[in-house]
**Q** 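The following block contains the structure, expressed as structure tokens.
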Protein chains: 2
Amino acid sequence: MALEHAILVSLAERTASGYDLTRRFDKSIGYFWRASHQQIYKVLGRMEADGLVSSKAVPQQGRPDKKIYAITEDGRATLLAWSREPTSMEPLRSAFAVKVRGLPYGDRDAVLADVRRRREQHLATLAFYREDEAHTFGDPAALDSAQTAQYAVLRGGILLEEAGLAWCEEILALLSDPSARPDGSATP
Amino acid sequence: MALEHAILVSLAERTASGYDLTRRFDKSIGYFWRASHQQIYKVLGRMEADGLVSSKAVPQQGRPDKKIYAITEDGRATLLAWSREPTSMEPLRSAFAVKVRGLPYGDRDAVLADVRRRREQHLATLAFYREDEAHTFGDPAALDSAQTAQYAVLRGGILLEEAGLAWCEEILALLSDPSARPDGSATP
DNA sequence: TATTACATGTAACGCGTTACATGATTCG
DNA sequence: CGAATCATGTAACGCGTTACATGTAATA
């Protein structure tokens with residue numbers, strides 16, 4: 001049900017077409033919640049039927065019509081009611097964790113290569129987030145309430161990436177058996 | 001597709017009934033991958049049809065028959081091949097992040113209460129993991145390869161919980177506006 | 001007496017991914 | 001000439017949750 005709420009938050013900020021929402025979900029909100037255009041169109045259709053959003057067709061030249069969606073009063077009320085429900089703690093659900101756990105039944109070198117690849121990925125994402133942090137939220141004390149909320153979410157992304165990075169490094173330290181190295185310099 | 005692989009890893013360690021697997025998914029592997037018994041039975045049925053596992057019915061007294069599943073050669077080969085594929089970086093998909101992002105459109109006090117509740121949850125889970133760490137993996141240098149893999153996964157859980165905890169604390173620091181406190185002791 | 005453990009499933013429904021489908025405009 | 005951008009969808013399929021269904025035995 002959370003894609004619905006993510007869309008409501010996005011439309012509460014400003015109106016958008018399905019296409020616009022798709023692009024928004026490629027950044028900002030989408031750093032932490034992905035959704036394809038197919039899914040967004042499907043959910044928008046249901047949300048309009050439920051009265052949470054309304055749409056207005058906007059004819060265009062040489063392009064298909066745009067359908068601009070806006071949040072309704074019902075939509076805002078739904079968002080407020082949702083904010084009062086406690087969120088459940090979603091478990092990891094990580095295929096990577098399963099692979100690490102199953103290391104004795106897999107290809108050790110291939111899995112370690114995957115760990116290194118993921119480490120680089122975390123580093124790249126972190127660099128990206130940190131630039132956003134410095135650029136957009138340079139002075140946290142000067143932010144208004146909407147910006148503070150955005151910044152809090154970005155901080156979550158940074159902390160998660162840092163944890164993922166640290167995990168990769170611990171795995172490499174634990175599993176890169178020194179006695180298996182060519183130089184044979186095993187720890188005592 | 002990862003539940004399939006989680007089951008294969010579990011059965012590679014030792015045979016089990018669907019019921020046994022359900023309980024295993026409540027701890028160990030299941031600290032990081034949840035699955036209900038309904039889902040496990042469904043997937044086991046398909047996996048048997050695909051030849052990844054085989055089953056043997058074991059009659060019991062005063063209880064329904066047990067179906068003991070074992071991994072097949074095909075299943076082991078599938079697991080090995082899977083270990084060679086790189087894992088994709090799954091995005092957060094966190095309803096909590098959406099809620100924090102949408103704070104200006106929600107009930108501020110209710111959301112902050114939820115943050116505090118989650119903080120306590122992270123603390124409780126961390127305490128649980130840390131006891132497991134001290135109890136089962138007290139001396140990391142003395143672990144065999146299977147135990148080392150298990151320990152690496154537990155470390156991931158600990159790092160993630162620590163990140164979640166730190167996030168909650170940052171959110172509270174960012175959003176608990178001092179000027180809104182009854183004593184009015186705002187920071188300069 | 002009620003709940004927990006043991007043991008296996010079916011059915012309905014929503015969420016999410018991948019593939020398919022169409023068609024104009026603009027940039028390299 | 002091909003790729004990207006703009007713009008909207010359908011169809012098929014797998015994953016995951018919730019509710020429903022059945023029945024015994026031990027424990028509190």
**Q** Under the criterion side-chain contact (heavy atoms from CB on, under 4.5 Å), I'd like the reasoning laid out for A:Phe96 against A:Asp114: C-alpha separation, chi angles, the key distance, then a yes or no.
**A** CA-CA 9 Å; A:Phe96 179 61; A:Asp114 195 35; 4.1 Å; yes
**Q** Figure out the CG/C1' separation between B:Asp20 and C:dA5, and round it to whole Å.
**A**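 About 12 Å, once rounded to whole Å.
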**Q** Considering just the side-chain nitrogens and oxygens of A:Gln39, establish if one lies under 4.0 Å of OP1 or OP2 belonging to C:dT17.
**A** yes
**Q** Is the shortest side-chain N/O distance from B:Gln60 to OP1 or OP2 of C:dC6 below 4.0 Å?
**A**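 False: B:Gln60 side-chain N/O out of range (4.0 Å or more) of C:dC6 OP1/OP2.
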**Q** I want to confirm an ordering. Mapping A:Tyr69 and B:Ala2 to their closest nucleotides on DNA chain D, which one lands closer to the 5' end?
**A** A:Tyr69
**Q** Would you mind checking if B:Arg46 and B:Glu4 are paired as a salt bridge, meaning a charged N to carboxylate O distance below 4.0 Å?
**A** yes
**Q** Just how far, in rounded Å, is P of C:dA24 from CG of A:Asp65?
**A**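 Going from CG in A:Asp65 over to P in C:dA24 covers 14 Å.
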**Q** Using whole Å, report how far CE of A:Met47 lies from C1' of C:dC15.
**A** 14 Å
**Q** Could you give the distance from CG (A:Leu8) to CE (A:Met47), rounded to the nearest 0.5 Å?
**A** 3.5 Å
**Q** Of all the choices, C:dT8, D:dT8, D:dC6, which nucleotide is nearest to the side chain of A:Lys67 once you look at every atom?
**A** D:dT8
**Q** Round to a whole Å and report the spacing from NE2 of B:His37 to P of D:dT18.
**A**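 Going from B:His37 (NE2) to D:dT18 (P), I get 12 Å.
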**Q** Check this for me, if you would: do A:Arg130 and A:Glu161 make a salt bridge, where the nitrogen-to-carboxylate-oxygen distance has to be below 4.0 angstrom?
**A** no
**Q** Let me know the distance between CG of A:Leu3 and P of D:dC15, rounded to the nearest Å.
**A** 20 Å
**Q** Return the CZ to CZ distance between B:Arg14 and B:Arg24, rounded to the nearest 0.5 Å.
**A**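 Result: 4.0 Å between the selected atoms.
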**Q** Just compare D:dC15, C:dA7, C:dT10 and give me whichever is closest to any side-chain atom of B:Tyr19.
**A** C:dA7
**Q** Does C:dT17 have its OP1 or OP2 closer than 4.0 Å to a side-chain nitrogen or oxygen of A:Arg34?
**A**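 Result: no.
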**Q** Under 4.0 Å from OP1 or OP2 of D:dG16: is there any side-chain N or O of B:Lys42 that close?
**A** no
**Q** How close or far is atom C1' of C:dA7 from atom CG of B:Leu21, stated in whole angstroms?
**A**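 That distance rounds to 13 Å.
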**Q** OP1 or OP2 of D:dG16 sitting under 4.0 Å from any side-chain N/O of B:Ser36?
**A** no
**Q** Would you say B:Arg93 places a side-chain N or O within less than 4.0 Å of OP1 or OP2 belonging to C:dT17?
**A**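 Checking C:dT17 against B:Arg93, a side-chain N or O does come within under 4.0 Å of OP1 or OP2.
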**Q** For C:dC15 and A:Arg46 - does any side-chain N or O of the residue sit under 4.0 Å from the phosphate oxygens OP1/OP2?
**A**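 Yes, such a contact exists.
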**Q** Closer to the 5' end of DNA chain C via nearest nucleotide, is it A:Glu4 or B:Arg23?
**A** B:Arg23
**Q** Given atom OH of A:Tyr41 and atom C1' of C:dC20, what is their separation to the nearest angstrom?
**A**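 Value for this atom pair: 16 Å.
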**Q** Among D:dG16, D:dG9, C:dA7, which nucleotide has an atom closest to any side-chain atom of B:Lys66?
**A**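 Among the listed nucleotides, the one closest to the side chain of B:Lys66 is C:dA7.
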**Q** What integer distance in Å separates B:Glu90:CD from C:dG16:P?
**A** 14 Å
**Q** Hey, does the Lys NZ or Arg CZ of B:Arg101 hover above the aromatic six-ring of A:Phe32, less than 6.0 Å from the centre and inside 45° of the axis?
**A** no
**Q** Consider the side chain of A:Gln38, meaning its heavy atoms from C-beta on, and name the nucleotide among D:dG9, C:dA7, D:dT17 that approaches it most closely.
**A** D:dG9
